[in-house]
Structures are given as structure tokens and as C-alpha cells.
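So the structure is just underneath, and the comments pick up after that.
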Amino acid sequence: MQNSSANLQKYKELLAQASELEKQAKDLLSQERSSQIAQIRQTMADFNITIEDLQGASKSRKKAEGGDRAKVPAKYRNAQGETWTGRGRQPRWVADHVAAGGKVEDLAITE
């Protein structure tokens with residue numbers, strides 16, 4: 001019974017220590033975060049960087065990654081209504097038409 005009681009006491013002590021360490025870690029992180037924010041603000045002021053500049057950079061990257069692209073209109077259509085923009089690999093129906101002796105231009109949308 002004494003061993004069990006001692007283990008329980010040790011467990012409670014460890015929980016208290018863990019709680020204190022967690023509090024210290026949070027405080028340290030908060031201090032470091034504040035320091036980093038101050039450093040970033042100073043760098044932004046030194047180089048005359050605004051929030052809009054930072055947001056513009058993310059928009060440029062999004063555009064470079066292919067976001068917000070305009071849809072390319074179809075240039076070719078077959079009798080079943082399937083379309084192709086003329087970009088990338090030819091669809092099978094275009095390749096079959098060409099293999100049968102036709103021309104890609106035969107499928108051009110003239111409207």
C-alpha cells in the first residue's frame with residue numbers, strides 16, 4: 001500500500017512539473033514570437049514594404065502556379081459535340097479523323 005501511495009505522489013509531482021514546463025514553454029514561445037514580429041516590422045519599415053506588397057507577392061505566385069487562368073475557347077469540334085482547344089495532346093477523335101485521311105482543319109469551329 002505504501003508503494004502505491006508513493007507512486008501516486010510521484011505521479012502528482014510529475015504532473016505538476018509537466019504543467020510548469022508547459023507554461024514555461026508557452027511563455028518562451030510568446031516572447032520569441034513578439035521579438036520576431038518586432039524584427040519583421042522593422043525590416044518592413046527599413047525597406048518600405050507594405051502589407052499590400054506581401055499580398056501582391058502571393059497573388060503573383062498564384063498566377064505563376066496556374067491559378068485564375070482564363071478558360072481557352074474550343075477551336076475544334078466533332079459531330080458528337082466533343083471539343084478541343086488545339087492545345088496539348090490531340091484527343092483520340094482528332095487523331096482518328098487525321099488517321100482516316102482528314103485534316104485537323106476539317107474539324108475547326110467556324111461559328
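The structure places CZ of R41 at 14.5 Å from CD1 of I49, a figure rounded to the nearest 0.5 Å. For the atom pair OG1 (T110) and CD (E105), the distance works out to 13.5 Å, reported to the nearest 0.5 Å. The OG1 atom of T83 lies 12.5 Å from the OH atom of Y76; values are rounded to the nearest 0.5 Å. To the nearest 0.5 Å, the span separating CG on L14 from CG on L21 amounts to 10.5 Å. With rounding to the nearest 0.5 Å, the separation of CZ in R33 from CD1 in I37 is 4.0 Å. Residue N3 holds its CG atom at 11.5 Å from CG of L8, rounded to the nearest 0.5 Å.
For S19 (side chain) and L15 (main-chain N/O), no donor-acceptor pair under 3.5 Å exists by modelled atom type. In this structure, D96 contributes its side chain and W93 its backbone to no donor-acceptor pair below 3.5 Å. A donor-acceptor pair is defined here as one N or O able to donate and one able to accept, closer than 3.5 Å; such a pair exists between the side chain of T43 and the backbone of Q39.
A donor atom on one side chain and an acceptor atom on the other are found under 3.5 Å apart for Q24 and E20. Residues Q31 and D27 bring no donor and acceptor atom of their side chains to less than 3.5 Å of each other.
A pairwise comparison of heavy atoms in M44 and L54 identifies CE-CD1, 4.0 Å as the closest pair. Residues T85 and V72 share a closest heavy-atom pair of CG2-O, 3.5 Å.
Side-chain atoms of H97 and D106, non-hydrogen and from C-beta on, do get closer than 4.5 Å to each other. For the pair W84/L107, no side-chain contact is recorded, criterion being any heavy-atom separation below 4.5 Å from C-beta on.
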Let me see the working for N7 and S4 under side-chain hydrogen bond (donor to acceptor under 3.5 Å, both in side chains), right down to the final yes or no.
CA-CA 5 Å; N7 284 340; S4 172; over 6 Å; no

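More than 12 heavy atoms of other residues, nucleotides or ligands sit less than 6.0 Å from atom CD of Q36.
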